[in-house]
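Chain naming here is simple, since letters A, B, ... match the order of the sequence lines and numbering starts at 1 in each. Scope of the values below: all heavy atoms of this structure, side chains included, with no hydrogens, waters or symmetry mates.
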2 protein chains.
Amino acid sequence: MNCRNLGEFCENEAKGVVQSLVLDSEKGELVKASGRVEKRIGKSEGKTIAALKSHSEAERRRRQRINAHLSTLRNLVPSSDKMDKAALLAEVVRQVKQLKETATHVSERFFIPLDSDEIKVELIAENAIDGTCLYRASVCCEYRTHLLSDLKQTINSLHVNLVKSEISTLGSRVKNVFLFTNLIHGGGCATIQAREIFLASVRQAFSSVLDKVSAFPEYSAYPNKRQRVSCFDSSTLLF
Amino acid sequence: MNCRNLGEFCENEAKGVVQSLVLDSEKGELVKASGRVEKRIGKSEGKTIAALKSHSEAERRRRQRINAHLSTLRNLVPSSDKMDKAALLAEVVRQVKQLKETATHVSERFFIPLDSDEIKVELIAENAIDGTCLYRASVCCEYRTHLLSDLKQTINSLHVNLVKSEISTLGSRVKNVFLFTNLIHGGGCATIQAREIFLASVRQAFSSVLDKVSAFPEYSAYPNKRQRVSCFDSSTLLF
DNA sequence: TATCACACGTGAAAC
DNA sequence: TGTTTCACGTGTGAT
C-alpha cells in the first residue's frame, strides 16, 4: 500500500479506482501492493482494508502517546528545546542519575524521609544478663490519615516495650523510627531462630500498615489534591 | 519498494530481476514502487538504490540510538521490565517529578547544595545612619580544584567588607554563602541604581568563577573519576 | 547538494 | 480471535 494515507486510498476505492498495484514476479500477476497475505482480490478486500485502516490508526495513537510523554519530559528538562529525541532522552538519563545520586547523599547524611518506601527492622543490642533485646524499626512512606494511630496500634499489638519513637517529615512523606525491646515480663528471644521469627512478624505488621493505603484508597492523605508542606502539628504525635 | 529489506532487493537486482513494480493509474505505466520522484527506470537507478539503502541504514542507527537510551532508563527505573515504551516513559516522568519535588523540599528546609547551579546576590539590610548595606551572596556549583581560592580572589577584587562566610557540601557539590558590606572606607551605595549596578557586578564576578570550569576543563575537580564523597578538610577552608 | 530528524503505514509476533 | 507492540523502510521538510 503505497498511498500517502489510507483515507486517501479509501476515497479512491469508493470511486472504483485502484491506485497502487504490484507486479508479483513469481506469479506474473498483479496483486494489491500490500497483498502478500491475501492472494486474490475478492470480496474480503473490504475487511482487509478496514483492518489495515484500524491498524494504522492504532499505530498513530501509540505514537501520539509516546510523543506526549516525550514532550512532557521536554518541559521537565531545562533548555531541551531544539534537542532531538535521542539527545533529550540522554539528558533525561543524566538528570535522573544525578537526582538519584543526590538523594542518596542526602539520606546518608540526614535523617529525613525520601521517595522510596522502606521498612527496616533490626536488632541493635542484647543485654547479656537477662537476654533482653533492643530493636530498631524504621518506616518511611507517604503520609496518610490515621497512619500514626495505625502505627501505634501496631506497636501495641506486638506487645513490645517501646523505648523511644522519633518522627520526621519532608513534604508529604514521613519517617518513623521506633526503639523497643521485646521484653515486658522477663525472658528474651531465646534462640536466633526465635529472633528471626520475631523480626519477620514485626516487619509483617508494619507492612500491613503500609498496604492499607492501597487496599483502601480513602485512607489516602489528600483525596482531592496533594499538598506540598508538612502536615503535622504536635498534637498529632501520639507516641 | 515493498521488498522486506534492501539487501534482498539488491541481490535480485544483480540478477536482473525487478521484483516490485507499481502501476501508476494516472500515467497508466509501470514505475518502481518507490519511484514517485524518478519517473523512468534509467541508469540512475543504482544511485537511487544506494541512496535508499543509506537512508534506511541511517534510520536504523537513529532507532538504535533512541532505544539504547530507553533501555538505560529501564535499568534506572525499578520494575520496569515488561513495561511498553509509553508506560516506561510515563513512569520516568513520574519519577523525575517526584525527585525534583523532594529536592525542592530538601533545599527549602536544609542549607545544603543541590543539583542546580545557582548564584544569588541580594540586599539584606541597610544601615539608616551611614547608608552601609549588608549583602548576601550564595554560590552553588560542582566542586573543582581552586574553586575556593578563586572565590576568595573574587571577594578580594570586589573590595567589599566580608562579614561572614559559610560553606556546605553534599557529595561533590558545594554551596558558599558570603555576607558582606560594600563599605570599607565610608559611603554606601547612594542610589537604587548604583545598588543595582553593584549587585550586577557582584553576580558577574561570581559567574566568571563558575564559567572558568567550562573554559578550562583542567580545572575540573576529578579529571579521572568522579568521587562520591565530600572532598574537603578543614585546612581547605580559606576564608 | 546531501544529511538529519520525524511521522507514517505496514509485517510480524505476542497475548 | 482481534488488539497491541515493535522494528522496519520510506516520504518529506528542514538545514
Point to revise | salt bridge (Lys or Arg N to Asp or Glu O under 4.0 Å) partners of residues 59-84 of chain A, not counting sequence neighbours, each pair once | key: Glu59(A)-Arg62(A)

Review point. Under the 3.5 Å rule, do the base of dC8(C) and the side chain of Glu59(A) count as making a donor-acceptor pair?
Key: no

Roughly how many Å is it from [atom1] in [X] to [atom2] in [N], rounded to a whole number?
X: Leu52(A); N: dT10(C); atom1: CG; atom2: P; value: 4 Å
X: Gln64(A); N: dC6(C); atom1: CD; atom2: C1'; value: 14 Å
X: Ile49(B); N: dT10(D); atom1: CD1; atom2: C1'; value: 14 Å
X: Asp81(B); N: dA14(C); atom1: CG; atom2: P; value: 18 Å
X: Leu89(B); N: dC6(D); atom1: CG; atom2: C1'; value: 14 Å
X: Met83(B); N: dC6(D); atom1: CE; atom2: C1'; value: 18 Å
X: Arg74(B); N: dC6(D); atom1: CZ; atom2: C1'; value: 11 Å
X: Glu57(A); N: dT5(D); atom1: CD; atom2: C1'; value: 17 Å

Is there any protein nitrogen or oxygen under 3.5 Å from a nitrogen or oxygen in nucleotides 1-4 of chain D, and what are the pairs?
none

Point to revise | Pairwise side-chain contact, Val121(B) with Phe178(B), heavy-atom cut-off 4.5 Å (strictly under) | key: no

Exercise for review: For residues His69(B) and Ala90(A), report the shortest heavy-atom separation together with the two atoms involved.
Suggested key: CE1-CB, 3.4 Å

Practice item. Taking only the side-chain nitrogens and oxygens of Lys85(A), find out if one of them lies under 4.0 Å from OP1 or OP2 of dC4(C). Key: no

Check your understanding: Relative to the 5' end of DNA chain C, which residue comes earlier, Arg60(A) or Ala86(A), by the nucleotide with the nearest heavy atom?
Key -> Ala86(A)

Review point. Do other residues, nucleotides or ligands put more than 12 heavy atoms under 6.0 Å from Lys100(A) NZ?
Key: yes

Review point. Is it true that Arg173(B) and Asp117(B) make a salt bridge, defined as a side-chain N closer than 4.0 Å to a carboxylate O?
Key: yes

Review point. Got a second to check how far Asp150(B)'s CG is from Lys212(B)'s NZ, nearest 0.5 Å?
Key: 3.5 Å

Review point. Rounded to the nearest 0.5 Å, how far apart are CD of Gln98(A) and CG of Leu114(B)?
Key: 10.0 Å

